[in-house]
> 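Just dropping this structure here.
Order of the sequence lines sets the chain letters (A, B, ...), proteins ahead of strands, with each chain counted from 1. Keep in mind that the numbers below use all heavy atoms, side chains included, and drop hydrogens, waters and symmetry copies.
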Amino acid sequence: ETIRWARSSDALTLDPHSQNQGNTHTLAHHIYETLLERDNDGNLQPRLATEWALKEGDDTVWVFKLREGVKFHNGNDFTAEDVVYSIERAKSEFSNMRQLHAEVESVTAVDDYTVEFQMEGPSLIYPNNLTNTFIMDKTWSDENDLATVQDFASGATNHAVLNTNGTGPYTLESREVDVRTVLALNEGWWGETPAVTEIHYLTIADAQTRISALLSGEVDIVQDVPPQDIQRLSNTEGFKIETGPENRFIHFGYKFGDEPLASSNITDSNPFNNPLVREAMELVLDRDAIQQVVMRGQSIPTGIPNPPFVAGWTEELDAYPAPDVERARELMAEAGYPDGFSVTLDTPNNRYINDEAISTAYVGMLGQIGINVTLASRPVAEHSPLILANQSDFYLLGWGVPTFDSAYVFNDLVHTKTDELGTYNVGLYSNPELDEKIVSLNVESDQATRDATVAEIWEVVKADRVLLPVHNQVLAYAMREGVTLPVQPENQPHMTSVTFD
Amino acid sequence: MTEPVLSIRNLVVEFPFHDETFRAVDGVSIDIMPGEVVGVVGESGAGKSMTGSAVIGLIERPGHIASGEIRLKGERIDNLPEADRARLRGKRIGMVFQDPLTSLNPLYTVGQQLIETIRTHLPLSEAQARQKAIDLLSEAGIPKAGERIDSYPHQFSGGMRQRVVIALAIAAEPELIIADEPTSALDVSVQAQVIKVLKKLCSNHGAAVMLITHDMGVIAQTADRLVVMHHGTVVETGTVGDIIRRPREPYTIKLIDSIPTIKRGEGEIIAAPAANDEGAYVTVNQLVRDFEIGRGSFTKLLPGKVEVFRAVNEVSFTIPRGKTFGLVGESGSGKSTCAKMIVGLTRPTSGQILVDGHDIWAGGAGHQERRKRVQMIFQDPYASLNPRWRVRDIIAEPMRTLGIARNRTEVEQRVAELLRKVRLDPSVMRKFPHEFSGGQRQRIAIARALSSQPAFIVCDEPTSALDVSVQAQVLDLMSELQAEYGLTYLLISHNLAVVRQMSSAVGVLHNGVLVENGPTDAIFDNPQADYTKMLLDAVPDISKVA
Amino acid sequence: MTDLPHSPEQPVPAAKASRWKTFIRSDIVWSYRRSPVTITASIVALLLVFMAIFAPWIAPYNPFNPATLNLMDGFTPPNSNSMGGRYFVLGTDSQGRDVLSTIMHGSRVSLFVGAMATLFAMVMGVGLGLVAGYVGGIWDAVIMRVCDVQLSFPAILIALLIFGVARGIIPPNQQEGAAIWVLIIAIGLANWAQFARTVRGATMVERQKDYVAAARILGVNPFIILLRHVLPNVVGPVLVIGTIGLALAIIEEATLSYLGVGVPPTQPSLGTLIRIGQQFLFSGEWWILLFPAITLVLLALSVNLLGDWLRDALNPKLR
Amino acid sequence: MLAFIARRLLQSVIVMLVVAFIAFLVFRYVGDPLANLLSQDATMADYEQARERLGLNQPFYIQFFNFVINALQGQFGVSYRLQQPVSQLILERLPATIELAVASSIIALVFGVMLGIYTALRQRAFSTGVIMTLSLIGVSLPTFLIGIGLIYVFAVELKWLPSFGRGDVVQIGWWRTGLLTQSGLRSLILPAITLSLFQLTLIMRLVRAEMLEVMRTDYIRFAKARGLSKRAINFGHALKNTMVPVITITGLQLGSVIAFAIITETVFQWPGVGSLFVNSVAAVDVPVMAAYLVFVALVFVIINLVVDILYFIVDPRLRDGARSGR
Ligand SMILES: Nc1ncnc2c1ncn2[C@@H]1O[C@H](COP(=O)(O)OP(=O)(O)OP(=O)(O)O)[C@@H](O)[C@H]1O
Ligand SMILES: Nc1ncnc2c1ncn2[C@@H]1O[C@H](COP(=O)(O)OP(=O)(O)OP(=O)(O)O)[C@@H](O)[C@H]1O
Ligand SMILES: [Mg+2]
Ligand SMILES: [Mg+2]
Ligand code: NI
């Protein structure tokens, strides 16, 4: 059956290694395949690889057994050399997937269906990084001169941007960028024949138009459903909603250090640097109210900047204090800011679900303890450079954890900002002790020790309130009655999982 | 007794205003016999045009005929439904409006407009209509009508256009033609031709004509009978000769009296020479002015050949102190351009203007001198007064700008004094220009000109926007002031009678060239240049009737 | 009475006491009193303006003071009590703000932005139009070409771009304070050309008039001539474009808000309210969109109607 | 005439350069394209490197120079967001926008002129008042609200018309048209109406004002005095004379219809250059934005040229005017 599937923006490119971006991967997953994939509960599952393990006696080598009898859309056989070629391509200069394979020293084909990855050191969590690295056909790629990944800056595009040759369940029929992509069933796919035999993948940027299209029966499945429409849609005859947690949390961050804030009326000290202030700020953050009103129930409030899917998450960490404005006021007074202070909160307005509304709500809450917040709301294209340049005193940010491992969070958000690490440590939090532990995670070879270190780091992060988490996002897909598409925690649904009643 | 073509009885036209009604025509009765030309005269606003509009049924909203009746060949037409009235227009009543420039639709050729009109009224084929159109045009005096018929109105001169308008009005051979100021937008020379055409056409077609004008000269030449209107009523009717020779009503007397004549008469006022005559006060030397044409301002930046039109060509003359120099010539001959150069509004291309020995375009001191000594009075008194300013500020501006008087009370005193000079009550200084009549406005303009205590005033058509009666007053005032202050005037006018009355010397401009220049009497009585002769011949003269 | 001819306008006695009477009897007032639509429009406009100006004093709540907001009041339907027990005539929005109060404060922001932007456009357009019309030549050519360029881009696009530039120039922590001014300048810059064109045309007509020549003969400074002589005579059409421009500016502000570059969401304008409200079109909370939208339409409509009337009233030919 | 066109073309080049410059200047400030280009886990070093590759760290004038040189060759680079040559993207999207713009211009023109004439001729009728007031409501509502409202009523509630997109398209050469299929035509209705509403109001009011003005001229009075029929006067004489200003404004408006389409296209997900632009703004896709602005300027320039030529056709005075200058 044909499925008409709409979401807010299109895949950026069809070159599978050019962009490390959710929408792009989602489409690619239907055409290309990866060695491993993640099921709807976030667990790793075999795909083109059937087995994977550390090499006996050498914990710096990962061995992958490949699926046999798989063919590319053009009829070529899938073998180990394709994997070697693809991983090397993903590691090459213009690839955006490079970072994920930084620790791979070399990839070798042991035989036609076995591949060995030589890592730079012990790398326990490396298989997590393979879920979005797609395997291309070496022969086809060479024929079409695809050795270099598409480099947007050079002004040249390559054959792979609009043409595909994967092993996936669907083949590309036609593509009108930003408008419509049509995929047809790959009859020779190795997996179980899916119910969906044709996909019309549509881009509808405007949320209201997207919902209208569903309501008027012009599409079957809509991704990126605004929370406020969920209730209504699920109550509307003929439509239903599938919801599920996403592997992404939303948090506020603030500036650490003694330097006075640029946007504050307090010019001799940095109030955020005072733990009491941070505590007070957490005490006025009414996560449940935000969940109920702003998110319409479509979020999972959390006390830790780490989604439940990720290793290292615990229930205690996830707990958060009940709001207590009185106590917060006392803390403010204790901290020396009985009258509060003023500051600017930078928020994106087109990146996360209700991002601006969450910020607006928190501005109101902070007002109750005298923190007078000016809200600066910007499109993400402006918000992003601002926080990357550490120019924000106080900001909202969301963070997905594609590797499902805590280290991913630590590396970018907690580690002291350097060229390689702490890229999004906008508050410039710096704790050398933690830094050491974070770095050790990447080379630790013993799982138990590693888990213990992760737990230790989380203790400190929570105690220091390095970040002020609000909630984990909840994904919602809307569809017409008679179709079911389960939620995928990385928001990369597979049409192969669609069932019809 | 034959039946009159048009018979108007007790016509009343009203304009309802917010809370009162205004009677533009108040009980007018006129009869016009077949083949007769009846002139309707009267001051501006007397209700002449309104009477004409009422006859043809085109009174503009909210005006309407309040009472009275209009009969065409005995048949009552004023109460016909609009559709029936529309059928009369063009077919039985033709109309000629004052302005030929605006009466023709600029987007259609003359032929199209003629053929359209002809075919609306007469059952002719396209080709027949075209032939008739050509005939009409030649009859109206358009040479080579067959060739010109496909021209657009803008390709015709003003006089030709007016003839086209007349041709259009008579296209369907109407029984009655209403001509509302058919010549007042035209030059004297053209005016004479148009009148001739109109008259000829009437006699050929036997139509009755109602000729509306304020120009007694035109009436004298054309009309059989005369109707004098004033304030919406008819004050006097009779044959032209009768009324001109023996006007009975005071208003008519005044009207006739105030017509200047180019013949030297008893009432001639030549300004008394000023105390001492030191020769030339103003010297204009080889004045030239070129205009670039055919290029937009943007493309001026580009190199390329510039087409030049020479509007003023080596004009030279002098004016002695305290005298008036008259400059005459047809429209477009360069009179105003000369004036503008003399007062410093337009820079001459070459040549020199000396006022009291200072070259006014030399910059520096000359410039300063000019600002003090030279002033100008403009044609349209309303346009020359800033409508948003009070009279006091208007008159005071030169004093303030030139630093003659600065303090408030002093300024006010002077303004009051000037207003008294021009015979206005000083209390009017708080009013705005629109609260005055045309004559009063021109007095204010004169007061403003005097305010900078000039010695030399350039008057560009100072009275042509005014009624004959007012014209006389303004001219009187100018003469008195000249006598009082020893002013020197440059008087520009196309009205030869005015020039004759006012100036001691005259220059005749033709196509930018000064074709003749000398004492007034010499030129008027004994013109040398052909152009001057033609100009003088063309002037209609009421004394011919008398 | 025969000594002087009578101009169409009968001289009016200059008695001071009658000035009010003169005004009342003037054409403008007369045409106003004759037009029920205009009377209604002006009453509506006045009410809205009054509401906007006095919003801080008459609005039931202060939606701009975050400290008084309770998120739990959110989504209260009109004419009912919230979960927190407070009563809201027109309901509350997603942040628990009273819709009536946000509308009042929002109109205040919208009117302020609209009025200031129009003023800005007016000053700039009139200034440049005067110069272009009076000086002519190369200045005229340049200014008019700039006008063409600007008219070729829709106001929204221009405002969008200017907004972007301002964002880049102003340091981030001052941006919010400046946002409203940036918006004003952006909309103003997007609309000046209309004024410039009109004024240029009118100036070219006025420039030819003899009263300007009279001033030039005196050697009055051209700047003074422009300011004191020409300007007062070209303001008529400017006022008309101004009223219509005001309505346009208000709508432009709304559209910019829709595109996400409007005023800060904590101090929403009518446009921002509509942008926020339209998210709830399908979710049943119609009042969040409807009331601000009605207000915007009423405001724009009444101002437009007034502008229309003014245009006709000032144009004697159309009477 | 030729000289005239040459002159206009020269002006146009200047206009285009200015636009390109402004466009370019503006882009330095609309945000950082890298925010969308690089993945979440890119390092600061990656950012530096990407900046260098994009040439974003070069001095402004060099960037502009390169831009102009490339633009002259029709090269606008590759879209950051969609990774395709911009010229190709724009060409692909152009037919959609043009069809939408033309359809709505036709609606605006036909109804605008008709209603304008009607309201001018029935100056005092009650229906005129209603039309005039209704037309004001048209401009008092922001376009996006009208669009959403139409979708809600006609697509969601009544299910008469599609809510988004272009429907089925047919490829004719490089032109992809929606005008030849039923679904394509049905899809066109709502966006075209939305887009035309503003222009319609404007044209209607303009025609009305011009008509009223023209109806008072002497030549109309004289035409009446000549006894011409009402129809000949209203449609032959009056309407033709209103055409010059109407053409000017309509021409300008046609340009802005294309540009205004950005909002309509966004609301209706119309796959034209407007929605391409809006999506590009959000993603700071500088090459697309620059190309779009230059494109709009080009459209404007062409329209202006056509308008000027139309003048010549409509108004005989101008035909000679160019020669005599007076
Ligand atoms: N449309 C109008 N509305 C109001 N009053 C008008 C209108 N047209 C003319 N009038 C008035 O009607 C009166 C008669 O006007 P009419 O045009 O008949 O004068 P006229 O004798 O033709 O004068 P002129 O010699 O200046 O043409 C004048 O007082 C004039 O002000
Ligand atoms: N600014 C200008 N640019 C181009 N040509 C001009 C300009 N001013 C005047 N002319 C031309 O110069 C010639 C002389 O004009 P001028 O105004 O001096 O005539 P005039 O004798 O005053 O005529 P009238 O009696 O109609 O006022 C005319 O052909 C006119 O078209
Ligand atoms: Mg008259
Ligand atoms: Mg002149
Ligand atoms: Ni009198």
> So which residue, B/Val96, B/Thr109, B/Val165, ends up with the most heavy-atom pairs under 4.5 Å with chain D?
B/Val165

> Considering only heavy atoms, which portion of B/Ile178 lies under 4.5 Å from any heavy atom of chain D: side chain, backbone, both, or neither?
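Contact with chain D is absent: no heavy atom of B/Ile178 under 4.5 Å.
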
> Only counting residues at least two apart or in another chain, list the ones meeting side chain to side chain contact (heavy atoms under 4.5 Å, CB included) with B/Lys91.
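Partners of B/Lys91 under the side chain to side chain contact (heavy atoms under 4.5 Å, CB included) test: B/His121, B/Leu122.
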
> At a heavy-atom separation under 4.5 Å, does B/Ile56 approach chain D through its side chain, its backbone, both, or neither?
side chain

> Does anything in residues 78-86 of chain B get under 4.5 Å of chain D by heavy atoms, and if so which residues?
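Near chain D, by residue number: B/Ala86.
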
> Which atoms of B/Ser53 are under 4.5 Å from chain D, going by heavy atoms: the side chain, the backbone, both sets, or neither?
side chain

> Per the ring-ring contact (aromatic ring centres under 6.0 Å, His included) rule, what does the pair list look like for residues 205-244 of chain D, sequence neighbours excluded?
B/Tyr108-D/His237

> How long is the straight-line distance from CG of D/Leu239 back to CG of B/Leu107, given to the nearest 0.5 Å?
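Answer for the CG-CG pair, B/Leu107 versus D/Leu239, is 10.5 Å.
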
> Tell me whether D/Phe111 at atom CZ has more than 12 heavy atoms from other residues, nucleotides or ligands lying less than 6.0 Å away.
no

> Is there any residue in residues 223-233 of chain D with a non-hydrogen atom under 4.5 Å from a non-hydrogen atom of chain B, and which ones are they?
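Contacts with chain B: D/Lys224, D/Ala225, D/Arg226, D/Gly227, D/Leu228, D/Ser229, D/Ala232.
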
